[in-house]
Amino acid sequence: MIAAHFNPLDIECLVKTAVELWEEIDPSDLSEHQQDTLNRARDAILAEHTDQQPSHPEVVTFIRPRLAGQAWVLRRWDRHENEMTLHADEDSGLADLAEYIRGVWDNLVGEEGVPDQPPTNDREAVRLYYGSERNSRPDEGFNLYAEDIARRGRTRVVPLDYRFPDKDASEQANRDATFHPQIDNNGLPCVEVDGVLVFAYLDHDAGTVRVSVHLDSAEDRLVRPDGTVPLRVEVEDAVVLDDSAEGTPKRDLLSKLLNAADDRQEQAIREAALAAGVLWRCPTCQWDNPGEATCCEGPGPCRVPKPKRTS
């Protein structure tokens with residue numbers, strides 16, 4: 001049975017491709033995945049006709065799009081308005097609601113237990129205006145709740161025997177890279193390589209050069225079975241991020257441990273990190289560098305000698 005040699009997403013792809021071809025689409029317009037699936041289906045049919053067993057399908061995992069996070073939705077209504085706004089967290093939603101309340105505080109002046117001026121505390125202002133049970137204003141009300149934000153994306157089909165693209169495929173992807181310049185106020189300059197988007201731009205408000213890497217649109221062949229894309233980031237000669245090796249410890253975790261440690265704890269953490277290869281100590285200046293760094297970080301062959309800590 002041919003269907004036994006394909007995973008569900010491949011079967012769905014075959015059905016959609018058959019419909020497109022029935023509508024006389026140009027075969028060259030089919031995606032790489034569609035063409036690959038068709039070729040494997042052809043091999044399976046030929047093998048069946050010649051009483052040969054086609055090769056076993058590759059073992060894959062299905063990775064669904066991740067959530068981008070949460071947004072807090074504030075809906076406020078009265079006899080004249082019914083408006084909805086989005087906020088980064090609950091406190092900012094309450095702050096927006098409290099700002100409205102302070103603008104209409106005269107509605108409460110004269111009622112028992114209500115001060116002449118609204119409280120500076122946002123929660124207290126909301127409580128006084130709407131009541132602890134939200135029943136003090138029968139013609140007004142509000143809801144404030146969190147909603148998950150789904151990323152735009154698709155379910156990925158990733159082989160469990162992941163291998164990074166070979167030299168020829170990598171070179172071709174680099175040759176096919178595309179630069180997207182900023183053409184209006186809503187866009188940013190971006191380089192696209194195999195679906196990976198790298199934005200590099202001047203942020204006037206922050207007064208800095210910003211670099212942003214987006215991996216959600218990366219081609220499936222770059223995605224590891226755990227859903228991550230191997231990424232190495234360098235600034236000048238310093239490696240600031242490297243999770244290209246499976247199981248590479250995260251530098252931010254080590255930094256958090258060191259920042260929270262006292263002198264004795266820091267020494268123990270550093271010795272453990274050195275023993276594990278997460279850090280290595282420069283023999284010249286005795287500076288501790290990330291294990292993935294190829295040289296002692298700094299403008300020259302190594303840093304200024306590390307200052308001695310005094311107890």
Salt bridge between [X] and [Y], side-chain N to carboxylate O under 4.0 Å?
X      : Y      : value
Arg76  : Asp96  : no
Arg221 : Asp166 : no
Arg127 : Glu124 : yes

Val235, Val209: one ILVMFWY side-chain cluster at the under-4.5 Å cut-off?
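No, because Val235 and Val209 fall into different hydrophobic clusters, even though each may have its own neighbours under 4.5 Å.
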Measure the CZ-CG distance between Arg123 and Leu97 for me, rounded to the nearest 0.5 Å.
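Going from CZ on Arg123 over to CG on Leu97, the span is 11.0 Å.
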CG of Leu94 to CG of Asn121: how many Å apart, nearest 0.5 Å?
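Leu94 atom CG to Asn121 atom CG measures 9.5 Å (nearest 0.5 Å).
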Can you see which heavy atom on [X] is nearest to which on [Y], and at what distance?
X      : Y      : answer
Asp203 : Asp205 : OD1-N, 3.1 Å
Trp105 : Pro119 : CH2-CD, 3.7 Å
Gly187 : Gln182 : O-CD, 3.1 Å

For Gln172 and Asp168, which I'm curious about, is there any donor-acceptor pair between the side chains at under 3.5 Å?
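Side-chain D/A pair, Gln172 to Asp168: absent.
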Within-4.5 Å side-chain heavy-atom neighbours: Leu222 and Pro165
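Yes, their side chains come closer than 4.5 Å.
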With side chains defined as the heavy atoms from C-beta onward, is the minimum distance between Phe164 and Pro230 less than 4.5 Å?
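Of all side-chain heavy-atom pairs linking Pro230 with Phe164, at least one is under 4.5 Å.
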Evaluate the criterion side chain to side chain contact (heavy atoms under 4.5 Å, CB included) for residue pair Asp91 and Asp122; output intermediate values, then yes/no.
CA-CA 8 Å; Asp91 288 342; Asp122 294 335; over 6 Å; no
Step by step, work out the salt bridge (Lys or Arg N to Asp or Glu O under 4.0 Å) result for Lys167 and Glu171.
CA-CA 6 Å; Lys167 181 179 179 180; Glu171 183 175 347; 6.0 Å; no
Let's go through Leu197 and Ser217 carefully: what are the C-alpha distance in whole Å and the side-chain angles of both, what is the deciding distance for side chain to side chain contact (heavy atoms under 4.5 Å, CB included) to 0.1 Å, and is it a yes or a no?
CA-CA 8 Å; Leu197 306 178; Ser217 55; 3.7 Å; yes
Other residues, nucleotides and ligands only: do more than 12 of their heavy atoms fall within 6.0 Å of CD on Glu271?
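It does: Glu271 CD has more than 12 such atoms within range.
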So, does Arg102 use its side chain to make a donor-acceptor pair with the main chain of Thr120 at under 3.5 Å?
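Side chain of Arg102 to backbone of Thr120: a pair is present.
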Would you check if the side chain of Trp77 reaches a backbone N or O of Met84 as a donor-acceptor pair within less than 3.5 Å?
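Such a contact is absent between Trp77 side chain and Met84 backbone.
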Mind jotting down which residue pairs meet the ring-ring contact (aromatic ring centres under 6.0 Å, His included) criterion with at least one end in residues 199-235? Sequence neighbours excluded, please.
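Residue pairs with at least one partner in residues 199-235: Phe199-His214.
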Return the set of residues passing ring-ring contact (aromatic ring centres under 6.0 Å, His included) with His180 (not counting sequence neighbours), or none when no residue passes.
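Scan of His180 (ring-ring contact (aromatic ring centres under 6.0 Å, His included), adjacent residues dropped) gives none.
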Once ring-ring contact (aromatic ring centres under 6.0 Å, His included) is applied, do any residues pair with Tyr130, and if so which ones, sequence neighbours excluded?
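Counting only residues at least two positions away or on another chain, Tyr130 forms a ring-ring contact (aromatic ring centres under 6.0 Å, His included) with Phe142.
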Reference residue Tyr100; test side chain to side chain contact (heavy atoms under 4.5 Å, CB included); the match among Leu74, Val126, Asp78:
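Passing option: Asp78.
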